[in-house]
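These notes concern the structure reproduced below.
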Amino acid sequence: MAFLDLTDLGGYRCFDHASCKAAGADCAARYRDNRPFPHIVLDDFLDADILRKVLDEFPDSRGKDYFDRDQERLKFQFRPDECDGPTTRMLFAELNSRAFLGFLSALTGIRGLIADPYHAGAGLHETRRGGHLGIHADFPHHGRMKIERRLNLLIYLNEDWPADYGGALELWDRSMTRAQHRIQPGFGRAVIFSTDRDTYHGHPDPLACPEGRSRRSIATYYYTATAAALPAIERTTDFRARPGTVDKADWRVRLHNLKSDWLPPILQRRGREPLEALPVDPASTAA
């Protein structure tokens, strides 16, 4: 039985608001008390048949662009609007719904959560054999919507994935001295965690899965409005090198974030972005 059920409305399946809210409240204490930062791991999070349909609809990554640098390698991502499958589209719509936001708010205690219709950095993720994602803290603001990032949701899609394939999600302590948790990316397992400047996580070692296998997941992010004016120089994803390893620091990003942290606000004033000029359709012009 799934942790959260989707009700069939005659072809469209959706979350129930009251059930979601109750399920979140039941787990709130576990979420709040987990270390190194608030998080929860939930197995059998959604109906397995729905997740297998998402796998069946997963886009073919052959010939597609991917991240290929020291901090993240052989990682592909597909926004929901880049996916043709109806079940995939439906599921992402529901993960952005009022009912699911109610679940997250009850779970985390964060009120006023905002879903991201643009799916910045979110969607379906895939990492191939030899790929990795270095330990990092996520970008703190949504550049287009000017809102603050608060939560990550990951749902894994990897059936028959033994531990020696690698790809465990590591949650590091805030001082970057050790990984406190390593979470295997097994099928149907969800991980939800708070995001901040020092919520370090990733799967930093190259995947050892066989050729033809890859690490796949669903990723969605959630935000809240911010009352403060955002700086003109925004912090970006902050990758960190693990102590005692050959991980490489991204000094370009580190310098960028230092500018964001230390330049006086008066030098970072952000002007209102101009409206884009839209082409005028003569047929629609008022007489």
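If you read the sequence from its start, that first residue is 1, and numbering goes on from there.
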Practice task
Please check if Ile114 and Leu153 belong to a single hydrophobic cluster, counting links between Ile, Leu, Val, Met, Phe, Trp and Tyr side chain heavy atoms closer than 4.5 Å.
Solution key: no
Exercise for the section: Examine Leu154 and Val41 and state if one hydrophobic cluster contains both, with Ile, Leu, Val, Met, Phe, Trp and Tyr joined whenever side-chain heavy atoms are less than 4.5 Å apart. Expected result: yes
What's the spacing between [X] [atom1] and [Y] [atom2] if we round to 0.5 Å?
| X | Y | atom1 | atom2 | result |
| --- | --- | --- | --- | --- |
| Thr195 | Tyr222 | OG1 | OH | 12.5 Å |
| Arg197 | Thr199 | CZ | OG1 | 11.5 Å |
| Leu55 | Leu157 | CG | CG | 4.5 Å |
| Leu74 | Arg215 | CG | CZ | 13.5 Å |
| Tyr200 | Ile135 | OH | CD1 | 11.0 Å |
| Thr224 | His142 | OG1 | NE2 | 13.0 Å |

With the side chain counted from C-beta on, respond yes when [X] and [Y] share a heavy-atom pair under 4.5 Å apart, and no when they do not.
| X | Y | value |
| --- | --- | --- |
| Glu170 | Asp205 | yes |
| Arg129 | Cys209 | yes |
| Ile183 | Phe193 | no |
| Asp47 | Asp5 | no |

Handout entry: Audit row: Ile218, Leu124, side-chain contact (heavy atoms from CB on, under 4.5 Å) steps and yes/no
Key = CA-CA 5 Å; Ile218 294 166; Leu124 296 179; 3.7 Å; yes
Below 30° counts as parallel, above 60° as perpendicular, anything between as tilted: where do the rings of [X] and [Y] land?
| X | Y | result |
| --- | --- | --- |
| Phe45 | Phe100 | perpendicular |
| Phe92 | His119 | perpendicular |
| His136 | Phe239 | tilted |

Quick one: do [X] and [Y] make a salt bridge, cutoff under 4.0 Å?
| X | Y | value |
| --- | --- | --- |
| Glu159 | Arg52 | yes |
| Asp198 | Arg240 | no |
| Arg189 | Asp43 | yes |

Problem - Audit row: Asn152, Tyr221, side-chain contact (heavy atoms from CB on, under 4.5 Å) steps and yes/no - result: CA-CA 5 Å; Asn152 286 4; Tyr221 312 136; 3.3 Å; yes
Exercise for the section: Test the Arg216-Phe58 pair against the cation-pi criterion, namely NZ or CZ under 6.0 angstrom from the six-membered ring centroid and within 45° of the ring axis. Expected result: yes
Exercise for the section: For side-chain contact (heavy atoms from CB on, under 4.5 Å), just list the numbers for Phe67 and Gln77, CA-CA rounded to whole Å, side-chain angles, deciding distance to a tenth of an Å, and then say yes or no. Expected result: CA-CA 9 Å; Phe67 291 96; Gln77 60 187 48; 3.5 Å; yes
Got a donor-acceptor contact below 3.5 angstrom from the [X] side chain to the [Y] backbone?
| X | Y | answer |
| --- | --- | --- |
| Arg89 | Asp81 | yes |
| Asn34 | Phe37 | no |
| Ser105 | Ile110 | yes |

Handout entry: Closest contact, heavy atoms only, Ala168 versus Arg182
Key =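 It is CB-CB, 4.3 Å.
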Practice task
Kindly give the heavy-atom pair with the smallest separation between Tyr156 and Ser217, and that separation in Å.
Solution key: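 Closest heavy-atom pair between Tyr156 and Ser217: CD2-CB, 3.8 Å.
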Ignoring hydrogens and geometry beyond distance, is a side-chain donor-acceptor pair present between [X] and [Y] at under 3.5 Å?
| X | Y | answer |
| --- | --- | --- |
| Ser61 | Arg128 | yes |
| Tyr66 | Thr127 | no |
| Tyr12 | Glu94 | yes |

Practice task
Could you go through the side-chain contact (heavy atoms from CB on, under 4.5 Å) check for His125 and Lys75 one step at a time?
Solution key: CA-CA 7 Å; His125 289 183; Lys75 177 188 171 185; 3.9 Å; yes
Exercise for the section: Would you confirm whether the ring centroid of His201 sits within less than 6.0 angstrom of the ring centroid of His39? Expected result: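 Ring-ring flag for His39/His201: false, centres at least 6.0 Å apart.
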Problem - Heavy atoms from other residues, nucleotides or ligands near CG of Asp68 exceed 12 (cutoff 6.0 Å) - result: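 More than 12 heavy atoms, drawn from other residues, nucleotides or ligands, come within 6.0 Å of this atom.
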